[in-house]
Amino acid sequence: MTALRLLSASGDLSDVALNDSGAYARPTSPLRSRVAYAAAHVVPKPHADNTPGRPADIDWDATLAFRRNVYSWGLGVADAMDTAQRNMGLDAAATRELIARSAEVAREEGGSVVVGVNTDHIAETHISLDQVVDAYVSQLEFAEEQGAAPVLMASRHLARAAASPDDYRRVYRAVLSKATTPVVLHWLGTAFDPELKGYFTSTSLSTSGADDWQTASEVLLDIIAEDPSKIAGVKMSLLNAESEISVRERLQSDESTQGVRMFTGDDFNYVSLIDDSERGHSDALLGAFAAITPVASAAIQALDAGDPEAYRRILGPTEELSRQVFAAPTFYYKTGVAFLAWLNGHQPAFQMVGGLHSARSLPHLSRIVELANSSLALENPELARERWHGMLRVNGFEL
């Protein structure tokens, strides 16, 4: 038995058997039964000043090679989103370059790419609603110029400026009127960004706002209903399956919005939400799929083959891994995504822009190793073992 050494929260070491990889095959034709995007991360240069507050210094070869790998498995790429450390280390200049380079790679590989559009290039904390619209439109136009489909991300500026649901309706109406291609709307929950509390209602929760998904979903559905032709889909990242199913059923029951896709961003419950054949299904736009790309591809290939049992057998075990990666504080999940990319040989070092590689403890990372091993998400188990054991040694553990 080849042993894989694990570290507990108490500092104790233990061994488990190192499993073989899943030996999954890349698809020979496009995936059909679901649209699936992996929200990809960025890889910095290992020698760069990857410390908090410093501009991102990206290793473009490794970053773009990761996206080519995603395309080779039949998935699309969702880029310049929160997984790429928007508002957590990826500055505005690096974001624009990432969008341009990623769109070029998508054209070269014949892959599908969507990119985040936000207001985060504005340095001021508080701006007016008109300035929010202008900021959104500036990024929207740039994304469209690159040939990338836009994802209209939740804006911290809008969350601060909006005093009522009508303010959200007004801003989204103005921005969508400028879109020349259908966009994906993104509803990001407070587990991912606490500054978005009360989004789609108001941040003044004691007055006109509300902090419940039912009230917010009505505003979201109103925005979509004004012109469904402008909306390609909705990505919901509330980590609440009930809310996603509710909005999805409302979209599918209204003839005018049936063409609007529901993209699950629920990294806790994606297995059932994507499968959910009885009540419709969600497509996928997930950070988790960047961590388990071959497994996700194999599972969707099983659905393409009409084998939902194989889908659940392949993908089911990864959900516990994803829950570990996205454990509270959830916004540090990017550390787990980059850690798995390093274990799987997709980047030369476990480094992240903004120093975020230090955001999780060794026992937390050990649990990721354990669950990746058990769910067959280690693409090269021997390499992963070597890298993980080396990390333990560097941290003072004798193996």
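Along the sequence shown, residues are numbered consecutively beginning with 1.
Here S229 contributes atom OG and I224 contributes atom CD1; the two are 12.5 Å apart, rounded to the nearest 0.5 Å. Remark: D57 CG to K45 NZ distance equals 4.0 Å, nearest 0.5 Å. From D134, atom CG reaches atom CG of L140 across 12.0 Å, with rounding to the nearest 0.5 Å. Atom CE of M352 is separated from atom NE2 of H357 by 9.0 Å, given to the nearest 0.5 angstrom. To the nearest 0.5 Å, atom CG of residue L6 and atom CD1 of residue I368 are 12.5 Å apart. To the nearest 0.5 Å, atoms CG (L188) and CG (N118) are separated by 9.5 Å.
A 6.0 Å sphere centred on CD of E386 holds no more than 12 heavy atoms belonging to other residues, nucleotides or ligands. Applying the 6.0 Å contact sphere to CZ of R54 captures no more than 12 heavy atoms from other residues, nucleotides or ligands. Atom CZ of R312 sits in a crowded spot, with more than 12 heavy atoms from other residues, nucleotides or ligands closer than 6.0 Å. The neighbour count for Y332 OH, taken as heavy atoms of other residues, nucleotides or ligands under 6.0 Å away, does not exceed 12. Remark: R101 CZ is packed, more than 12 non-hydrogen atoms of other residues, nucleotides or ligands lying under 6.0 Å away.
For the side-chain contact (heavy atoms from CB on, under 4.5 Å) test with P150, the passing option among V115, L185, T181 is T181; the others fail.
The cluster map of Ile, Leu, Val, Met, Phe, Trp and Tyr, joined by side-chain heavy atoms under 4.5 Å apart, puts F268 and I292 in the same cluster. V70 and V43 are members of different hydrophobic clusters when ILVMFWY side chains are connected at heavy-atom separations under 4.5 Å.
Note on ring orientation: taking the six-membered ring where Trp is involved, the planes of F289 and Y270 are perpendicular (angle over 60°, cut-offs 30° and 60°). Relative ring orientation between Y172 and F200 is described as tilted, the plane-to-plane angle lying within the 30° to 60° band.
Applying the ring pair (Phe, Tyr, Trp, His ring centres under 6.0 Å) test to residues at least two apart or on different chains, none of the pairs has a partner in residues 131-156. Sorted by first then second residue, the ring pair (Phe, Tyr, Trp, His ring centres under 6.0 Å) pairs that include residues 59-93, not counting sequence neighbours, are H41-F66, F66-H346.
Residues forming a side-chain hydrogen bond (donor to acceptor under 3.5 Å, both in side chains) with E104 (at least two apart in sequence, or on another chain): none. Every side-chain contact (heavy atoms from CB on, under 4.5 Å) that S72 has, sequence neighbours left out, goes to R26, N69. A search for side-chain contact (heavy atoms from CB on, under 4.5 Å) contacts involving E320 returns R367, L371, not counting sequence neighbours. Shown here are the salt bridge (charged side-chain N to carboxylate O under 4.0 Å, His left out) partners of R261, two or more places apart in sequence or in another chain: D283. Remark: E109 engages R68 in a salt bridge (charged side-chain N to carboxylate O under 4.0 Å, His left out) (not counting sequence neighbours). Applying the side-chain hydrogen bond (donor to acceptor under 3.5 Å, both in side chains) criterion to D130, with sequence neighbours excluded, gives R170. Residues satisfying the side-chain contact (heavy atoms from CB on, under 4.5 Å) criterion with A25, sequence neighbours excluded, are absent altogether. Shown here are the salt bridge (charged side-chain N to carboxylate O under 4.0 Å, His left out) partners of R86, two or more places apart in sequence or in another chain: D120. Considering only residues two or more places apart in sequence or on other chains, P52 meets the side-chain contact (heavy atoms from CB on, under 4.5 Å) condition with none of them.
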Worksheet item: When you look at E141 and K178, which way does the salt bridge (charged side-chain N to carboxylate O under 4.0 Å, His left out) test go after all the steps?
Response: CA-CA 8 Å; E141 290 176 343; K178 300 294 185 180; over 6 Å; no
Practice prompt. Let me see the working for L362 and N395 under side-chain contact (heavy atoms from CB on, under 4.5 Å), right down to the final yes or no.
Written response: CA-CA 9 Å; L362 276 175; N395 283 277; 3.6 Å; yes
Worksheet item: Between L75 and S297, is a side-chain contact (heavy atoms from CB on, under 4.5 Å) present by the stated rule, with each step listed?
Response: CA-CA 7 Å; L75 274 61; S297 173; 3.9 Å; yes
Practice prompt. May I have the step-by-step check of salt bridge (charged side-chain N to carboxylate O under 4.0 Å, His left out) for E218 and R250, ending in yes or no?
Written response: CA-CA 10 Å; E218 295 297 332; R250 293 277 296 277; 3.0 Å; yes
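Salt-bridge annotation for E195 and R160: present, with a side-chain N of the basic residue lying under 4.0 Å from a carboxylate O of the acidic one. Between D166 and R169, at least one side-chain N (NZ, or NE/NH1/NH2) sits under 4.0 Å from a carboxylate O, which counts as a salt bridge.
Applying the 4.5 Å side-chain rule to ILVMFWY residues, one finds V35, Y37, M81, V114, V151, M153, F263, L285 in the same cluster as V184.
Y168 has its ring centre less than 6.0 Å from the ring centre of Y199.
Of all the heavy atoms in H157 and T125, the pair that sits closest is CD2-O, 3.3 Å. Minimum interatomic distance between V247 and S217 (heavy atoms only, all atoms of both residues): CG2-CB, 3.7 Å.
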